[in-house]
Amino acid sequence: MNVENFLQKASEAGVPPMSGGRLVARRLGSTHEMCDLLLGLVLSEQKTCTYSLVELLKEEGGLLEPGDRIVFLDADMHPRCVVELDDCEQLAFDEVNERHTAGEGPAARDVKVWREIHAAYWGKWLKSRGQEFHEEVPVMWQSFRLLYPRPDSSKEA
């Protein structure tokens, strides 16, 4: 199913149309396994935020804002859920605190653990571009709410 058909199905299930804002589609994680794990946490509403390097967001079309929507894709690039951003904040990597990690998956809610995971992940990405990771690298924290499918609805999406 493509993103357009997925959004039509979400609309038929009662998801209201967007009133402005941007719609982006993206995959979580760098491996199939990580994508499946993170997507499962989003679908069960155990993960209610995500993070991006500001530089990468700018390359992909710009920073996201509250009211924007993300269609999260599975490891095979099929749409699995749609979320709406309710809060966003640009900050330095070393400014991420407990408020920001509270909506992270259970294993990464501790700020120290979150920093270890993301420093390694973004460090690899930056290194592949000839850049070095540093504690002040700008990141975007994005808090969201799951719009579709709802955990109490059919598991078919």
Side-chain angles (χ1 to χ4, degrees), residues 1-3 5-18 21-54 56-57 60 63-125 133 135 137-157:
M1 177 180 305
N2 66 29
V3 170
N5 292 342
F6 183 79
L7 291 172
Q8 178 62 38
K9 192 172 177 180
S11 176
E12 292 167 2
V15 173
M18 290 182 66
R22 291 179 46 209
L23 174 70
V24 298
R26 73 163 64 141
R27 193 179 114 158
L28 294 165
S30 60
T31 66
H32 272 58
E33 295 77 19
M34 185 56 64
C35 181
D36 290 344
L37 172 70
L38 295 173
L39 189 55
L41 293 171
V42 170
L43 288 167
S44 66
E45 297 186 296
Q46 294 180 69
K47 178 175 174 63
T48 59
C49 69
T50 191
Y51 312 82
S52 301
L53 288 177
V54 169
L56 184 57
L57 285 174
E60 293 177 344
L63 303 181
L64 299 176
E65 300 177 353
D68 291 347
R69 291 186 180 173
I70 302 171
V71 174
F72 284 123
L73 308 172
D74 67 18
D76 296 317
M77 305 303 282
H78 298 114
R80 290 295 311 279
C81 66
V82 60
V83 302
E84 185 170 276
L85 300 180
D86 52 29
D87 197 5
C88 300
E89 182 179 349
Q90 183 176 329
L91 63 162
F93 178 86
D94 63 355
E95 294 174 333
V96 171
N97 61 42
E98 293 82 11
R99 180 177 79 84
H100 302 110
T101 60
E104 184 55 277
R109 288 186 184 144
D110 177 273
V111 173
K112 182 179 178 193
V113 172
W114 181 91
R115 287 186 178 150
E116 290 171 0
I117 292 168
H118 288 82
Y121 179 75
W122 289 328
K124 280 184 185 178
W125 185 82
F133 175 82
E135 294 288 318
V137 67
V139 301
M140 178 67 74
W141 168 76
Q142 302 150 73
S143 175
F144 57 78
R145 62 187 176 93
L146 180 63
L147 296 178
Y148 178 80
R150 298 295 307 147
D152 53 0
S153 68
S154 168
K155 296 298 180 196
E156 283 293 310

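Owing to the predicted nature of the structure, the values given are computational and were not obtained by experimental measurement.
In this view, Phe93 and Trp114, Phe133 satisfy the ring pair (Phe, Tyr, Trp, His ring centres under 6.0 Å) rule, not counting sequence neighbours. For Glu116, the salt bridge (charged side-chain N to carboxylate O under 4.0 Å, His left out) test picks out no residue, with sequence neighbours left out. Residues forming a side-chain contact (heavy atoms from CB on, under 4.5 Å) with Thr48 (at least two apart in sequence, or on another chain): none. In this view, Arg115 satisfies the salt bridge (charged side-chain N to carboxylate O under 4.0 Å, His left out) rule with no residue, not counting sequence neighbours. Residues satisfying the side-chain hydrogen bond (donor to acceptor under 3.5 Å, both in side chains) test with Gln46, not counting sequence neighbours, are Ser44. In this view, Ile117 and Ala108, Val113 satisfy the side-chain contact (heavy atoms from CB on, under 4.5 Å) rule, not counting sequence neighbours. Among residues two or more places apart in sequence or in another chain, the ring pair (Phe, Tyr, Trp, His ring centres under 6.0 Å) test is passed with His100 by Trp141. Qualifying side-chain hydrogen bond (donor to acceptor under 3.5 Å, both in side chains) partners for Asp86, counting only residues two or more places apart in sequence or in other chains: Ser143. Every salt bridge (charged side-chain N to carboxylate O under 4.0 Å, His left out) that Asp87 has, sequence neighbours left out, goes to Arg99. Residues passing the side-chain hydrogen bond (donor to acceptor under 3.5 Å, both in side chains) test with Glu12 are Gln8, sequence neighbours excluded. Judged as a salt bridge (charged side-chain N to carboxylate O under 4.0 Å, His left out), and not counting sequence neighbours, Glu95 has no contacts.
With rounding to the nearest 0.5 angstrom, the OH atom of Tyr51 is 9.5 Å from the CG atom of Leu91.
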Residue pair Leu43, Arg80: steps toward the side-chain contact (heavy atoms from CB on, under 4.5 Å) verdict: CA-CA 8 Å; Leu43 288 167; Arg80 290 295 311 279; 3.4 Å; yes
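When the options Val15, Leu7, Val24 are evaluated for a side-chain contact (heavy atoms from CB on, under 4.5 Å) with Arg69, the one that passes is Val15.
Salt-bridge check for Arg109 with Glu104: failed, with every basic side-chain N at 4.0 Å or more from each acidic carboxylate O. Ion pairing between a basic and an acidic side chain is recognised when a charged N comes within 4.0 Å of a carboxylate O; Glu65 and Arg22 show no such pairing.
Residue pairs satisfying the side-chain hydrogen bond (donor to acceptor under 3.5 Å, both in side chains) criterion with at least one member in residues 27-43, sequence neighbours excluded, are listed as follows: His32-Asp76.
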